[in-house]
2 protein chains.
Amino acid sequence: MSNSSSAIIILRMEISHDLVRSPAMQRGNYNKRCAIISAATAVFVRDGYVGASIDAIAEEANVSRQTIYNQIGDKERLFVEVVRGINEQGSARLVETLATFPDAPQDIGRELVEFAIRLTRNCLCDEGSRALRKLIENEGSRYPELFETWKDYGPGKNWPAISARFARLAHDGDIELDDPDLAARQFMALIRADLPNEPGATVSDAELEQAARNGVRTFLRAYGKRDAALAL
Amino acid sequence: MSNSSSAIIILRMEISHDLVRSPAMQRGNYNKRCAIISAATAVFVRDGYVGASIDAIAEEANVSRQTIYNQIGDKERLFVEVVRGINEQGSARLVETLATFPDAPQDIGRELVEFAIRLTRNCLCDEGSRALRKLIENEGSRYPELFETWKDYGPGKNWPAISARFARLAHDGDIELDDPDLAARQFMALIRADLPNEPGATVSDAELEQAARNGVRTFLRAYGKRDAALAL
DNA sequence: GACGAATTGGACAAGAGTGTCCAAAACTCA
DNA sequence: TGAGTTTTGGACACTCTTGTCCAATTCGTC
């Protein structure tokens with residue numbers, strides 16, 4: 001990845017390569033490959049790019065170091081593979097969660113709170129997202145390509161989908177807003193505002209529900225019709 | 001810092017030590033020491049703890065490597081010193097900015113927007129805060145003491161001061177809220193929601209003002225009296 | 001069981017970083 | 001100028017990491 005433009009090409013090639021099922025995945029070494037990438041994810045997340053050693057990854061994967069070089073290649077290639085994996089998982093989870101957005105709410109307050117809880121649990125609090133964010137933030141300056149890929153394949157891709165949901169709510173008269181994109185950003189910010197932002201902190205269900213309720217209440221005070229926020 | 005409890009003791013000793021002016025600062029090597037810590041800050045922020053090399057720091061400080069070992073000690077000691085420095089600066093800036101909170105506003109909307117702009121510029125957008133956050137996030141798992149110190153000396157210390165300002169606004173009848181702490185957290189989240197959250201992004205004055213206006217407008221829609229948000 | 005492919009573990013060279021030691025040079029202050 | 005301190009740069013031992021090579025072993029499949 002010493003060359004800035006070559007790495008992103010490699011990354012994209014890998015993605016399409018994967019869609020047609022790489023030969024490596026059809027044969028028996030698929031499990032080993034999986035174990036390696038999974039272990040690499042854990043170690044990269046824990047120690048960062050520089051701090052992660054191939055030996056540590058090999059040990060975590062219960063695999064010889066040579067196998068890593070056989071299966072994937074060098075450290076950069078491994079890193080790219082890890083980022084791609086986290087990206088795909090996170091993106092899938094976001095799409096999945098977004099499908100449960102309350103499109104035609106009976107009780108908009110309650111349903112938005114429940115959606116916020118799901119969103120936080122699946123996409124914001126989850127380890128993968130935090131980890132990717134951290135990796136991108138750390139190595140992004142050294143490998144700007146990762147940053148680009150993050151914007152293309154990461155959570156950013158799905159933001160328009162979120163704001164579209166709010167636009168629909170507004171169109172149906174459930175809320176009142178002029179800028180759905182802004183509303184979506186503020187919704188995310190508000191339900192995140194009340195969560196502990198320390199890296200390793202675990203959030204109990206009760207805390208999570210309280211945070212979601214607080215965020216949605218303020219959101220509906222600002223954008224809801226009539227007394228939508230009062231019941232919360 | 002191999003021992004968990006010893007490091008924080010060292011850190012705290014250094015702080016009190018500094019208040020009575022360490023002998024090192026009284027003599028001529030004060031400038032060198034400053035240059036070293038300043039350079040170390042830059043390099044640690046750029047490359048992280050593991051990625052930063054003493055040689056790179058020495059070069060950045062225009063100082064021989066041996067001088068670093070003479071003046072400060074080993075790498076861990078240097079790191080602690082850097083975190084302390086960023087902490088103190090950030091804390092001071094926050095207190096300073098907080099002093100300009102509109103206590104008796106004529107035009108609450110405009111004055112809150114202006115305060116939000118100052119807060120963002122001085123404390124949220126600023127390089128030191130982002131850098132410290134990043135360092136803490138990265139090395140926090142390896143050095144839990146840093147995390148503790150961050151909570152004690154970092155921005156968290158001043159949150160009660162922020163919510164006290166909002167409580168006063170509410171008491172004076174300028175806004176309506178029941179939980180000042182919650183309101184303060186949401187205020188911060190809202191004015192942050194509209195900023196680009198990429199690490200190295202620069203924010204223009206226009207973007208900053210727009211973001212502040214958007215955040216304050218929603219805040220006042222939720223918590224303001226009468227039509228306080230309309231003018232924005 | 002036998003063949004081919006994958007895996008293992010150990011050895012290896014090359015490079016980089018840490019921390020120490022030391023003698024020469026530069027600086028400070030009287 | 002001179003004594004005492006600081007700084008410098010180079011040499012050094014030590015450790016860790018990366019990536020390659022290779023022979024022995026294991027595994028999958030026929």
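In this text, all values refer to a predicted model and were calculated from it rather than measured experimentally.
Checked against ring pair (Phe, Tyr, Trp, His ring centres under 6.0 Å), A:Phe115 has the following partners two or more places apart in sequence or in another chain: A:Phe101. Among residues two or more places apart in sequence or in another chain, the salt bridge (charged side-chain N to carboxylate O under 4.0 Å, His left out) test is passed with A:Arg121 by A:Asp205.
Between B:Gln71 atom CD and D:dT5 atom C1' there is a gap of 12 Å when expressed in whole angstrom units. Spacing between atom CZ of A:Arg77 and atom P of D:dT18 amounts to 17 Å, rounded to whole angstrom units. At whole-Å resolution of the value, OH in A:Tyr49 and C1' in D:dT18 are 10 Å apart. Distance B:Phe79 CZ to C:dT18 P: 14 Å, rounded to the nearest Å. If you take CD1 of B:Ile68 and P of C:dG17, they are 13 Å apart, rounded to a whole angstrom. Atoms NZ (A:Lys75) and C1' (D:dC16) sit 11 Å apart, rounded to a whole Å. If you take CG of B:Asp74 and C1' of C:dG17, they are 14 Å apart, rounded to a whole angstrom. Distance, B:Ile54 CD1 to C:dT20 P: 11 Å, rounded to whole Å.
With hydrogens and angles ignored, the 3.5 Å screen pairs no side-chain donor or acceptor of A:Lys134 with any backbone N or O of A:Gly48. Judged by distance alone, with hydrogens and angles left aside, the side-chain atoms of A:Thr218 form no donor-acceptor pair with the main-chain N or O of A:Gly215 at under 3.5 Å. A side-chain donor-acceptor contact under 3.5 Å links B:Glu207 to the backbone of B:Ser204. Formation of a donor-acceptor pair under 3.5 Å by the B:Thr67 side chain with backbone atoms of B:Val63 is not found in this model. Side-chain atoms of A:Ser163 come within 3.5 Å of backbone N or O of A:Pro160 as a donor-acceptor pair. The closest donor-acceptor contact from the side chain of B:Arg213 to the backbone of B:Val113 lies at 3.5 Å or more, if one exists at all. Here the side chain of B:Arg93 pairs no donor or acceptor atom with the backbone of B:Cys123 at under 3.5 angstrom.
Remark: A:Lys32 is in phosphate contact with C:dT8, judged by side-chain N or O atoms under 4.0 Å from OP1 or OP2.
Across residues 55-65 of chain A, A:Asp55, A:Arg65 each have a non-hydrogen atom less than 4.0 Å from an atom of DNA chain D (numbered order). Listed by residue number, the members of residues 37-45 of chain A with any heavy atom below 4.0 angstrom from DNA chain C form an empty set.
Here D:dT8 is the nucleotide among D:dT17, D:dT8, C:dT18 with the atom lying nearest to any side-chain atom of B:Thr67.
Within a 6.0 Å sphere centred on CD of A:Glu59, other residues, nucleotides and ligands contribute 12 heavy atoms or fewer.
Atom CG of A:Leu190 is separated from atom CG of B:Leu190 by 4.5 Å, given to the nearest 0.5 angstrom.
When the local axes at the two ends of the helix from C:dG1-D:dC30 to C:dA30-D:dT1 are compared, using 5 base pairs at each end, they differ in direction by 40° after rounding to 10°.
For the pair A:Arg33 and A:Glu81, the salt-bridge criterion is met [side-chain N within less than 4.0 Å of a carboxylate O].
Counting all heavy atoms, side chain and backbone alike, B:Ile57 lies closest to B:Ala39 at O-CB, 3.8 Å.
A:Thr120 and A:Arg192 are not linked by any side-chain donor-acceptor pair at a separation below 3.5 angstrom, with hydrogens and angles left out of the test.
Residue contacts shown for B:Asn70 include a base, since a base heavy atom lies under 4.0 Å away.
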For this session: Mark up nucleotides 22-30 of chain D, 5' to 3', with B wherever a protein heavy atom is under 4.0 angstrom from a base atom, S wherever such an atom reaches only the sugar-phosphate, and - elsewhere.
Result: ---------
